[in-house]
Amino acid sequence: MDRIFEWLAEVEQSAADLYREGASAFAWDEDLAGFLTLLADEETWHGELLRTASAGSSPRHAAPPITVDPETQWNIARLLESARARLAEGALSREWMLETIAAVEFSEWNEIFLYALNLLKGGGKEYRLAVMEIERHKAEIESFLASLPGGGRYLETIRRLPDGQGKRILIVENEEATARLLRSALVSVGEVVLAADGEEGLERIGAIPFDVILSDVGMETMDSLDFYQRAVTIDPQVRDRFVFFAGDPGRDLQDLVSGGRAAGLEKPARIDLIRRAVTEVAHKARVLH
């Protein structure tokens, strides 16, 4: 987990450097230069917040439920490094800079930042303030891009419309930071709906159809097998649409997975493997129904 904190600090610094260098390169565009300077200051502050939180602290989970795979790390870092290289060569256009901002700021990056902070501090004051800051940060970027002539195309990058139209995913997860990260990782697969516990999950299933249900086995209010059985009673079509996310799934859930009636992911699970499992179940749901 220490490597993730190091990687996040590196990415925050790389983003701050890109934005500050961009402000200088685009000094002729007063609005863009001012906006990039603001972003540079904010990314520097985010990095300091992470370093302060990690100083003398250790993660609350010895093995956090989600790990960040090398491909996800590389995809985020390469956007920043590629933009900085092109900027140094004088080959980064204004449009490319704006596309880079949209792509990187609305990737999984900021949710990984919040997830890491939550691992260190829990849902305490520092985490809550960071959530507010990230939400404000994103809204600020979206507002700036929307104000530009032709800014709609940058907003499309932000929204990252699902690859498969009409797919709907329910995530049942009681820890906010984990749920947010899962939502960010799966938004490219389909529309994501969150439920904090089994009861809320059952209400969601009774209200609208789902192609995939990603369920945290460690639910406090309801046994996961009971949740599965009650969900199938409400909507029989979800019988083969579950992905269980478990540290210790137990014998009954192991039987469901081994019998092919559900997919299973062991904690800790990598972001790319979670996305792949959900995508496969969503595809099967569309093919079979």
Side-chain angles (χ1 to χ4, degrees), residues 4-5 7-24 26 29-54 68 72-73 75-81 83-84 87 94 96-148 151-160 176-188 192 194 271:
I4 296 303
F5 297 134
W7 170 78
L8 276 170
E10 291 168 3
V11 171
E12 297 289 349
Q13 186 60 56
S14 182
D17 290 343
L18 170 64
Y19 297 151
R20 211 169 298 283
E21 292 160 7
S24 177
F26 295 103
D29 185 332
E30 186 176 341
D31 289 341
L32 178 58
F35 181 63
L36 289 170
T37 298
L38 175 64
L39 291 184
D41 291 342
E42 290 178 348
E43 297 305 346
T44 298
W45 183 75
H46 294 168
E48 291 173 354
L49 180 63
L50 186 65
R51 284 189 290 273
T52 300
S54 60
V68 185
T72 297
Q73 294 182 43
N75 284 338
I76 295 170
R78 73 179 174 84
L79 289 171
L80 295 168
E81 293 306 318
R84 289 187 68 194
L87 191 62
R94 180 179 184 275
W96 203 327
M97 171 62 83
L98 293 170
E99 288 173 0
T100 298
I101 293 171
V104 72
E105 292 287 354
F106 291 84
S107 67
E108 295 94 342
W109 170 32
N110 281 311
E111 297 305 334
I112 295 170
F113 168 80
L114 291 176
Y115 177 72
L117 196 63
N118 185 62
L119 289 175
L120 291 168
K121 294 296 186 180
K125 180 179 179 181
E126 293 93 338
Y127 170 73
R128 298 310 316 169
L129 288 174
V131 169
M132 293 173 60
E133 161 59 19
I134 291 299
E135 293 295 345
R136 186 201 57 75
H137 180 73
K138 287 183 175 181
E140 185 177 67
I141 293 170
E142 188 166 359
S143 177
F144 178 80
L145 295 176
S147 71
L148 301 174
R153 66 192 183 97
Y154 304 119
L155 298 181
E156 288 302 318
T157 300
I158 287 173
R159 289 164 185 152
R160 292 187 298 159
E176 178 189 352
T178 302
R180 289 177 62 113
L181 179 53
L182 289 171
R183 179 178 60 190
S184 178
L186 297 175
V187 71
S188 63
V192 178
L194 301 181
I271 289 176

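On a predicted model such as this, the values are computed, not experimentally measured, just so you know.
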Side-chain contact, heavy-atom cut-off 4.5 Å: [X] with [Y]?
X: Asn75; Y: Thr72; answer: no
X: Leu49; Y: Leu129; answer: no
X: Gln73; Y: Val11; answer: no

Quick check for you: to the nearest 0.5 Å, what is the distance between [X] atom [atom1] and [Y] atom [atom2]?
X: Ile101; Y: Leu18; atom1: CD1; atom2: CG; answer: 7.5 Å
X: Met97; Y: Leu87; atom1: CE; atom2: CG; answer: 5.0 Å
X: Leu117; Y: Arg128; atom1: CG; atom2: CZ; answer: 11.0 Å
X: Leu32; Y: Thr37; atom1: CG; atom2: OG1; answer: 9.0 Å
X: Asp29; Y: Arg94; atom1: CG; atom2: CZ; answer: 4.5 Å
X: Trp7; Y: Ile76; atom1: CH2; atom2: CD1; answer: 4.0 Å

If you look at every heavy atom in [X] and [Y], which pair is closest and at what distance?
X: Phe5; Y: Ala116; value: CE2-CB, 3.4 Å
X: Leu114; Y: Val131; value: CD2-N, 3.7 Å
X: Val104; Y: Trp109; value: O-CE3, 3.5 Å
X: Leu50; Y: Ala9; value: CD2-N, 4.0 Å
X: Tyr154; Y: Glu99; value: CE2-CG, 3.6 Å
X: Thr44; Y: Ala16; value: OG1-CB, 3.5 Å

Quiz item: Name the one of Leu8, Thr178, Leu182 that satisfies side chain to side chain contact (heavy atoms under 4.5 Å, CB included) with Tyr115?
Solution: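 Only one option passes, and that is Thr178.
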
Exercise. Output yes when Arg20 and Glu43 qualify as a salt bridge under the 4.0 Å nitrogen-oxygen rule, no when they do not.
Key: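 Here Arg20 does not pair with Glu43 in a salt bridge, since their nearest N and O are not under 4.0 Å apart.
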
Practice problem: Determine the interplanar angle of the Phe144 and Phe35 rings, folded into 0 to 90°, and report it as parallel if under 30°, tilted if 30 to 60°, perpendicular if over 60°. | Solution: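 If you compare the ring of Phe144 with that of Phe35, the planes turn out parallel.
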
Ignoring hydrogens and angles, tell me if any N or O in the side chain of [X] forms a donor-acceptor pair with the backbone of [Y] under 3.5 Å.
X: Ser184; Y: Arg180; result: no
X: Asn118; Y: Tyr127; result: no
X: Thr52; Y: Glu48; result: yes

Quiz item: Within a reach of under 6.0 Å around CH2 of Trp45, are more than 12 heavy atoms found that belong to other residues, nucleotides or ligands?
Solution: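 Yes, because the 6.0 Å sphere around CH2 of Trp45 holds more than 12 heavy atoms from other groups.
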
Quiz item: What residues form a side chain to side chain donor-acceptor pair (under 3.5 Å) with Arg136, not counting sequence neighbours?
Solution: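 By the side chain to side chain donor-acceptor pair (under 3.5 Å) rule, Arg136 matches Glu42, Glu133, Glu140.
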
Exercise. Could you walk me through whether Ile141 and Leu39 pass side-chain contact (heavy atoms from CB on, under 4.5 Å), step by step?
Key: CA-CA 9 Å; Ile141 293 170; Leu39 291 184; 3.9 Å; yes

